[in-house]
There are 2 protein chains.
Amino acid sequence: MQLLSLTEENYIKAIYSIQHSNGTGEVSVNEIAEKMQTRPATVTDMLRKLSEKALIHYEKYKKVQLTAPGTKTALSILRKHRLWETFLYQRLNFSWDEVHEVAEQLEHIHSAKLIERLDEFLGFPEYDPHGDPIPKPNGDVPVSTAKLLSEIKSGDKCKIVAVKDTTSPFLRQLQRYNLTIGCRLTVLERLPFDGSIIVRTEKEEQIQLSEKIAVNLLVL
Amino acid sequence: MQLLSLTEENYIKAIYSIQHSNGTGEVSVNEIAEKMQTRPATVTDMLRKLSEKALIHYEKYKKVQLTAPGTKTALSILRKHRLWETFLYQRLNFSWDEVHEVAEQLEHIHSAKLIERLDEFLGFPEYDPHGDPIPKPNGDVPVSTAKLLSEIKSGDKCKIVAVKDTTSPFLRQLQRYNLTIGCRLTVLERLPFDGSIIVRTEKEEQIQLSEKIAVNLLVL
DNA sequence: TTATCACATTAACCAAGGCTTACTAAGCTA
DNA sequence: TAGCTTAGTAAGCCTTGGTTAATGTGATAA
């Protein structure tokens, strides 16, 4: 795995992320430009570069996909990012919504040894503070069978294992409800009109969660 | 404190380091060029930049000195470097000779919160694995009262707190003796002819240490 | 089946950062 | 004060990552 510039790494991340969020696994120039806050022309240039480095499959006017090495690179960055997030959250008592920004910097530190030792130090965690799976060194990604809270039948119990949205506004709203990874919930009622869900927490509190909240909470 | 580029930070570090190694506290362009592995002309350019940012006192053809803010910046970088070294050594089991390179990268991460939390996590250490003082957030630099093992009177007890030499041959020899940071020693006898010192460890072992070893062990 | 339009590419160019060489200026010292 | 060492200036190179404006492509709707 060659050494990439910070920007190159961020493009790889962006492509990976888009690939995994829009079902098809194929990514357009415009989507990348959008994500990277830049112009399509800039993206085309970068795609040529990444293609020369064999990190992406790229043909003019066609959609983009990561190659095997490209995917490996993306997973390696993701691994670093999520391990650092876990470290910040578990050991340095950063809050949920603070970890991302700093991890964004730390993920670009180049040292295989560092990241393996960090993994060991953290006890080989499988999921980061947001419940996202931490890729293994070989690229395996732990698969979660988690479902969306919005899919849970009323009467059923479940446990929050992850969040889909990881932006501060969402995480802060969860904090207001006192909801966090690991919380056990019982779904009391689902309101058909707006998709709201009423749940009971372990502390016997009743909370009404909007549909938008419910589709961003992953539970088991 | 403004945000500096990686290179700017490294120049500041270099100037600080030269300032503190050549008694006078004044630094020449050539010395900086030497340390930074670059040409004097390049240094002149950078000095103009750093001077504009008020980090150094600089007048053409005169020696260079850090200003108060410049010194603060240097200490802040040093603080980060040494805290990361401590983390790598103490928590991730990096060896003495491995910490520097990685800390060199980590020291450029920008997050005041990160470094304060790291400090707290490590228990507010005063010295890094090499026994160098870790500057405080306000810029104070702990003064070590540690003495060389070679200065300890026979009969006195002491504890190893740092090593002066950090090269692997020395460290490997210490490992053979089973000596490490924190070991308590009793100085039994000092041999005047070659300066050797005979010590007793906590495990009641007796070890004879050469003068060269003794002048590279810092004890309290 | 072709006209259209969104999307992608190219070309030319910009700016910052960090560096170089070649030349010139300063200042110390004999 | 000559001569050497040291430092500064000017001009310019290269890389990275960006821009705009113009042009090319190809899916699709009429």
Side-chain angles (χ1 to χ4, degrees), chain A residues 2-15 18-19 21-66 70 73 77 104-105 107-110, chain B residues 2-15 18-19 21-22 24-66 70 73 77 104-105 107-108 110:
Chain A
Q2 46 214 310
L3 16 46
L4 304 177
S5 75
L6 201 145
T7 312
E8 286 170 333
E9 291 200 347
N10 284 334
Y11 271 92
I12 292 289
K13 263 179 67 185
I15 294 169
I18 298 168
Q19 226 174 250
S21 70
N22 68 3
T24 80
E26 301 202 312
V27 180
S28 75
V29 169
N30 266 352
E31 285 170 315
I32 302 172
E34 161 83 13
K35 187 136 209 160
M36 297 298 294
Q37 292 293 314
T38 184
R39 301 286 166 183
T42 314
V43 174
T44 301
D45 270 5
M46 183 56 84
L47 293 184
R48 199 187 24 69
K49 250 175 90 177
L50 294 177
S51 178
E52 273 165 19
K53 297 192 178 188
L55 297 168
I56 57 171
H57 295 294
Y58 173 57
E59 275 180 85
K60 301 195 330 186
Y61 298 107
K62 300 251 174 85
K63 301 275 173 150
V64 175
Q65 255 188 315
L66 292 174
T73 301
I77 300 168
E104 202 75 8
Q105 291 183 63
E107 75 190 5
H108 298 294
I109 302 286
H110 294 294
Chain B
Q2 47 213 311
L3 18 44
L4 303 178
S5 75
L6 199 144
T7 312
E8 286 169 333
E9 291 200 347
N10 285 334
Y11 271 92
I12 292 289
K13 263 179 64 185
I15 295 168
I18 298 168
Q19 226 174 248
S21 70
N22 69 4
T24 80
E26 301 202 311
V27 181
S28 75
V29 169
N30 269 349
E31 286 171 313
I32 302 173
E34 161 83 11
K35 187 138 210 158
M36 296 298 293
Q37 291 293 310
T38 185
R39 302 285 166 184
T42 315
V43 174
T44 301
D45 269 6
M46 184 55 85
L47 293 184
R48 200 188 21 70
K49 253 176 88 178
L50 295 177
S51 178
E52 273 166 19
K53 297 190 178 187
L55 296 168
I56 58 171
H57 295 295
Y58 174 56
E59 274 180 85
K60 302 199 322 190
Y61 299 106
K62 301 252 175 83
K63 301 273 172 153
V64 175
Q65 255 189 313
L66 292 172
T73 301
I77 300 168
E104 203 74 5
Q105 291 183 63
E107 76 191 3
H108 298 294
H110 295 294

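Side-chain atoms are counted along with the backbone in the values below, which use heavy atoms only and exclude waters and symmetry mates.
- Taking every nucleotide of DNA chain C with any atom under 4.0 Å from a non-hydrogen atom of chain A, the first and last of them, 5' to 3', are C:dC7 to C:dT10.
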Which donor-acceptor pairs under 3.5 Å do the side chains of residues 36-56 of chain A make with protein atoms, sequence neighbours left out?
| residue | atom | partner | partner atom | Å |
| --- | --- | --- | --- | --- |
| A:Gln37 | NE2 | A:Glu34 | O | 3.4 |
| A:Thr38 | OG1 | A:Thr42 | OG1 | 3.3 |
| A:Thr42 | OG1 | A:Arg39 | O | 3.4 |
| A:Thr44 | OG1 | A:Pro40 | O | 3.2 |
| A:Lys49 | NZ | A:Glu8 | OE2 | 3.3 |
| A:Lys53 | NZ | A:Glu8 | OE1 | 3.3 |
| A:Lys53 | NZ | A:Glu8 | OE2 | 3.0 |

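- Rounded to a whole Å, the CZ atom of A:Arg48 is 11 Å from the P atom of D:dT16.
- Listed by chain and residue number, A:Lys13 satisfy the salt bridge (charged side-chain N to carboxylate O under 4.0 Å, His left out) test with A:Glu104 (two or more places apart in sequence, or in another chain).
- In this structure, A:His110 has no side-chain hydrogen bond (donor to acceptor under 3.5 Å, both in side chains) partners at least two apart in sequence or on a different chain.
- Protein atom CD of A:Glu52 is 13 Å distant from nucleotide atom P of D:dT15, rounded to whole Å.
- Among residue pairs with one or both ends in residues 55-66 of chain A, none qualify as side chain to side chain donor-acceptor pair (under 3.5 Å); sequence neighbours excluded.
- In this structure, A:Leu50 places its CG atom 13 Å from C1' of D:dG17, rounding to the nearest Å.
- Residues that satisfy the side chain to side chain contact (heavy atoms under 4.5 Å, CB included) test with B:Leu6, not counting sequence neighbours, are B:Asn10, B:His108.
- Listed by chain and number, the residues in a side-chain hydrogen bond (donor to acceptor under 3.5 Å, both in side chains) with A:Asn30 amount to none (sequence neighbours excluded).
- Within the model, atoms OG1 of A:Thr73 and CD of A:Glu9 stand 8.0 Å from one another, a figure rounded to the nearest 0.5 Å.
- Look at CG on B:Leu6: it is 16 Å from P on D:dT16, rounded to the nearest Å.
- Residue B:Lys49 is in sugar-phosphate contact alone, with no base atom involved, counting any heavy-atom pair closer than 4.0 Å across all strands shown.
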Review point. How would nucleotides 19-24 of chain D be written as a contact map, 5' to 3', with B for base contact, S for sugar-phosphate-only contact and - for no contact, using protein heavy atoms under 4.0 Å?
Key: BB---B
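- For the helix from C:dT1-D:dA30 to C:dA30-D:dT1, the axis fitted to the five pairs at one end and the axis fitted to the five pairs at the other end meet at an angle of 10° (nearest 10 degrees).
- Whole-Å rounding puts the A:Met36 CE to D:dG18 C1' distance at 12 Å.
- Residues of residues 25-33 of chain A that place a heavy atom closer than 4.0 Å to DNA chain C, in numerical order, are A:Ser28, A:Val29, A:Asn30.
- Although no hydrogens or angles enter the test, the distance criterion places a donor-acceptor pair under 3.5 Å between the side chain of A:Gln19 and the main chain of A:Leu66.
- For D:dT9, the OP1/OP2 oxygens have no side-chain nitrogen or oxygen of B:Thr44 closer than 4.0 Å.
- Listed by residue number, the members of residues 7-15 of chain A with any heavy atom below 4.0 angstrom from DNA chain D are A:Thr7, A:Tyr11.
- Between B:Lys60 and D:dT6, a side-chain N or O to OP1/OP2 separation shorter than 4.0 Å is absent.
- Annotation: side-chain hydrogen bond (donor to acceptor under 3.5 Å, both in side chains) contacts of B:Glu31 (sequence neighbours excluded): B:Asn22, B:Ser28.
- No contact: A:Lys63 has no heavy atom under 4.0 Å from any strand.
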